[in-house]
Amino acid sequence: VSPLQVSNERIRANNNLVGLVIDDPVRKVATIVHTRWVVTMEDIVHELVHLAHQNWMTHEDVNKETKRVMRIIRRPKT
């Protein structure tokens, strides 16, 4: 995917994309596609939440779960 193929709500090209192409929804197999040079751990977790909860209707639900999982990942180890 080229950044020139990615547009925002205002149809402005040259935006960043981190997204998911679901290869097998039953087995929950997918490919993460992106146009950024660096993909963060949070980007990956966010896309995995999309994969795990394909039936969630709002992106807000996905964002909340991503934040919850990131808090667990970043929790100091004792």
Side-chain angles (χ1 to χ4, degrees):
V1 177
S2 161
L4 296 175
Q5 294 174 293
V6 181
S7 62
N8 63 11
E9 313 80 49
R10 296 186 182 119
I11 319 300
R12 201 174 122 236
N14 205 20
N15 291 278
N16 285 321
L17 166 78
V18 178
L20 199 63
V21 176
I22 298 176
D23 303 314
D24 185 336
V26 175
R27 291 179 35 224
K28 296 191 177 181
V29 175
T31 303
I32 295 176
V33 294
H34 62 91
T35 59
R36 294 188 196 157
W37 284 102
V38 176
V39 178
T40 67
M41 183 185 311
E42 187 167 348
D43 292 331
I44 294 168
V45 167
H46 181 88
E47 296 310 321
L48 290 174
V49 170
H50 274 296
L51 182 62
H53 302 286
Q54 296 172 37
N55 60 332
W56 285 4
M57 296 302 289
T58 71
H59 206 247
E60 183 179 323
D61 291 337
V62 174
N63 289 338
K64 285 179 185 176
E65 182 66 2
T66 300
K67 288 180 183 177
R68 186 188 76 78
V69 171
M70 290 304 297
R71 279 194 303 272
I72 292 169
I73 291 171
R74 292 182 176 143
R75 187 177 297 155
K77 296 184 179 32
T78 56

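No hydrogens, no waters, no symmetry mates; every other heavy atom, side chains included, goes into these values.
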Closest heavy-atom pair and its distance - Ala30, Leu20: CB-CD1, 3.6 Å
Parallel, tilted or perpendicular: rings of His50 and His46 (30°, 60°): perpendicular
Residues forming a side-chain contact (heavy atoms from CB on, under 4.5 Å) with Arg27, sequence neighbours excluded: Asp24, Val29
Results of side chain to side chain donor-acceptor pair (under 3.5 Å) for Glu47 - residues two or more places apart only: none
Residue pair His53, Val62: steps toward the side-chain contact (heavy atoms from CB on, under 4.5 Å) verdict: CA-CA 8 Å; His53 302 286; Val62 174; 5.9 Å; no
Cluster check Val49, Met41: I/L/V/M/F/W/Y, side chain < 4.5 angstrom: yes
His34 side, atom NE2; Ile44 side, atom CD1 - distance, nearest 0.5 Å: 8.5 Å
Thr66 side chain to Asn63 side chain, donor-acceptor N/O pair below 3.5 angstrom: no
ILVMFWY cluster, Val33 and Leu48 together (side-chain gap under 4.5 Å): no
Partner of Ile32 under side chain to side chain contact (heavy atoms under 4.5 Å, CB included), chosen from Asp43, Val21, Val18: Val18
Non-hydrogen side-chain atoms of Met70 and Glu65 separated by less than 4.5 Å: no
Taking every non-hydrogen atom, the tightest pair across Leu51 and Lys28: CD2-O, 3.3 Å
